[in-house]
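Okay, so here's the structure we're looking at.
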Amino acid sequence: MGHDNNIETFHIATYGCQMNLADSSVLAAGLISRGYKRVFDEREANLLVFNTCSVREKAEERVFGRLGEVYKFKRQRPHLKIAVVGCMAQRLGEKIIDAVPHVDYVLGTDRLFELPEILEGIEGGRPVMTAFGHEDMDSITPVKETPFSAFVTISRGCDNYCTYCIVPYVRGRERAHSPSMIVESIKRLVDEGVVEVMLLGQNVNSYSYDGVDFPDLLQAVLTETGMPRIRFMTSHPKDLSHKLVDVMAADSRLMPHIHLPLQSGSNRILQRMGRGYTIEHYLEIVDYIRARLDYVSLTTDLIVGFPSESETEYEATLEAVRRVEYDAAFMFRYSVRAGTKAAGYDDDVPDDEKIRRLNNLIAVQKEIGYRRNQREVGQLRQSLIEGRSRRSRELDRARTEGNKTVLFSANGMAAGAVAAIRITQADAFTLHGEIAEDGQ
Ligand code: SAM
Ligand code: SF4
């Protein structure tokens, strides 16, 4: 091992989106290949990595809270190294070390993969590295979530500059991986026994590489690889084409789930958010999706309390949620992000009002989610067995085509297999089912 022997074990805490989970796995693989051992208990680690999220203030506060707490480990074990990487590191740089002096390394979104080399090369010191343009777009490291499912990043960064959002600032401009590289990495995954892949990008629908758009890319993956189950996220409503829906309709290997963030049901707010579509356009896409696909699960992201959002505009969001009937939604109250365009707007919806709107929205969506899940009861879903249920020791867990968790008894069928599961029961968030004896 060419590294400081004090650092043999590492722990990564990941905050935020799938992109961060993917980055953490790549980083973990890099560390493991250099002889470090991953541990899942912070107290056993000699290197603590925090892969962070900047999307909302609360996400950053949580990390600062955790950084405060781990100070006690550092006092007990002075050789312990602490690295803050990812979006917060990118956004705050030096300021993290100013605020939390026991942090050793701060590495931005393009630099975090250099951590293993940095550990080998630098004794002491406190490197802060946040310059862009250091990533390697000529290779893709697919990230295995499990031995049978993986994430493949098709593009990094984002060009949309929604006015509330920090992502383009912390992850840079959109850069696409080439279709041939994506296809090759998926072929390799098939050879390794992976049966489900999730293609990742902040806006997969704006994917473009030498004239190849996203539906073309999916078509290439379908024709050139044998990957049995293919998912993707996130879809931006302004760029989702009928062509994409048609490709999905033609091949059952494309899983019928679309994550289509609406954000707001009010046209004035959508415009102020810089989203680039109207509610009418959004609903037209939803109608087309539902008309073309026999079965589809739709999920979304929503923000309440955006600057100047009136009660009537908030109600337009509720109305849209009722009209679309989402299977699930991630719901947030607006959080000011310094440096974004909306940070220049008056954040005039009071916190308690934001909380009221959010709680009410959550209650409305919960009831809709419950109703949508009731409609699954009696249906047969080809589901990928993922392992033991996290909540119940007796039950196993699988993922349906629509990306829902179903709890059932695998009766000896192994994780990684696809089982025909009959849904028998459902609550607002989880399905229950049993293996269909005849698979019919
Ligand atoms: N690119 C994806 C998209 O456009 O949906 C994901 C972006 S972000 C990581 C995930 C969600 O966080 C957004 O869809 C939005 O609902 C929410 N979000 C982003 N910035 C926010 C802010 N300043 N305040 C509250 N929610 C925010
Ligand atoms: Fe942020 Fe908008 Fe880009 Fe999504 S599309 S990452 S919300 S700027």
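Sequence positions, counted from 1, serve as the residue numbers for this chain. Quick caveat: nothing in here was measured; it's all calculated off a predicted structure. Just follow the structure's listing: the first ligand is 1, and inside any ligand the first atom is 1.
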Quick one: does ligand 2 sit under 4.0 Å from the side chain of P168, the backbone, both or neither, non-hydrogen atoms only? side chain
Residue-ligand contact R333/ligand 1, heavy atom below 4.0 Å: yes
Please indicate whether any nitrogen or oxygen in T234 is less than 3.5 Å from any nitrogen or oxygen in ligand 1. no
Could you check whether any heavy atom of R275 sits closer than 4.0 Å to an atom of ligand 2, since that is the contact criterion I want to use? yes
What part of Y164 sits under 4.0 Å from ligand 2 if we count only heavy atoms: the side chain, the backbone, both or neither? side chain
Distance under 4.0 Å to a non-hydrogen atom of N160: what atoms of ligand 2 satisfy this? 3 (Fe), 5 (S)
Side-chain contact, heavy-atom cut-off 4.5 Å: I12 with T14? yes
What residue and atom, counting heavy atoms only, is the protein's closest point to atom 5 (O) of ligand 1, and at what distance? P261 CG, 3.0 Å
Is there an N/O/S atom in H236 at a distance below 2.8 Å from atom 2 (Fe) of ligand 2? no
Output the list of atoms in ligand 2 that are nearer than 4.0 Å to some heavy atom of Y161, sorted by atom number. 8 (S)
Which ligand 1 atoms are under 4.0 Å away from a heavy-atom of R56? 12 (O), 17 (C), 18 (N), 24 (N), 25 (C), 26 (N), 27 (C)
May I ask you to check whether Q202 has an N/O atom sitting below 3.5 Å from an N/O atom of ligand 1? yes
When you measure from atom 15 (C) of ligand 1 to every protein heavy atom, which one gives the shortest distance, and what is it? Q263 OE1, 3.5 Å
Flag side-chain contact, heavy atom, 4.5 Å: R337 against E57: yes
At under 4.0 Å between heavy atoms, what of Q18 touches ligand 1? The answer is neither
Side chains of Y345 and V336, heavy atoms from C-beta outward: is any pair under 4.5 Å? no
Please state which protein non-hydrogen atom is closest to atom 1 (Fe) of ligand 2 and give its distance, to 0.1 Å? C165 SG, 2.3 Å
pair I279-S266: side-chain heavy atoms closer than 4.5 Å: no
Between H259 and D301, does any side-chain donor sit less than 3.5 Å from a side-chain acceptor? yes
Hey, are S235 and N205 close enough side-chain-wise for a donor-acceptor pair under 3.5 Å? yes
Any luck finding a side-chain donor-acceptor pair between Y295 and Q379 under 3.5 Å? no
Purely on distance, is any nitrogen or oxygen of S335 under 3.5 Å from one on ligand 1? yes
Side chain, backbone, both or neither: I303 near ligand 1, heavy atoms under 4.0 Å: side chain
Do me a favour and list the nearest non-hydrogen protein atom to atom 8 (S) of ligand 2 with residue, atom name and distance? C162 N, 3.3 Å
Which label fits Y15 and F50: parallel for a plane angle under 30°, tilted from 30 to 60°, or perpendicular past 60°? parallel
Answer yes if the side chains of N203 and D239 hold a donor-acceptor pair under 3.5 Å, and no otherwise. yes
Side chain to side chain contact (heavy atoms under 4.5 Å, CB included) evaluation trace for I230 with D251: CA-CA 10 Å; I230 302 158; D251 201 314; over 6 Å; no
Minimum side-chain heavy-atom gap M233-T299 below 4.5 Å: no
Ligand 1 versus Y164: contacting region, heavy-atom distance under 4.0 Å: both
Run the numbers for me: atoms of ligand 1, each under 4.0 Å from some heavy atom of R337, listed by number. 23 (N)
Protein heavy-atom partner closest to atom 8 (S) of ligand 1 - residue, atom, separation in Å: V55 CG2, 4.1 Å
Heavy atom under 4.0 Å from ligand 1: found in H236's side chain, backbone, both, or neither? neither
Would you say that P261 contacts R275 through its side chain, given a criterion of any heavy-atom pair below 4.5 Å between the two side chains? yes
Relative to the heavy atoms of R275, which atoms of ligand 1 are at a distance of less than 4.0 Å? 4 (O)
Side-chain contact test, heavy atoms from C-beta onward, threshold under 4.5 Å: evaluate it for I285 versus Y277 and give yes or no. no
Are the side chain of T163 and the backbone N or O of R272 linked by a donor-acceptor pair below 3.5 Å? yes
Would you kindly specify which portion of N203 sits under 4.0 Å from ligand 2, judged on non-hydrogen atoms: side chain, backbone, both or neither? neither
Going by the 4.0 angstrom heavy-atom rule, the piece of C158 near ligand 2 is side chain
Evaluate the ring planes of Y207 and Y209, with Trp represented by its six-membered ring, and classify them as parallel (under 30°), tilted (30 to 60°) or perpendicular (over 60°). parallel
Given V204, N20, D301, identify the one with the heavy atom nearest to atom 13 (C) of ligand 1. D301
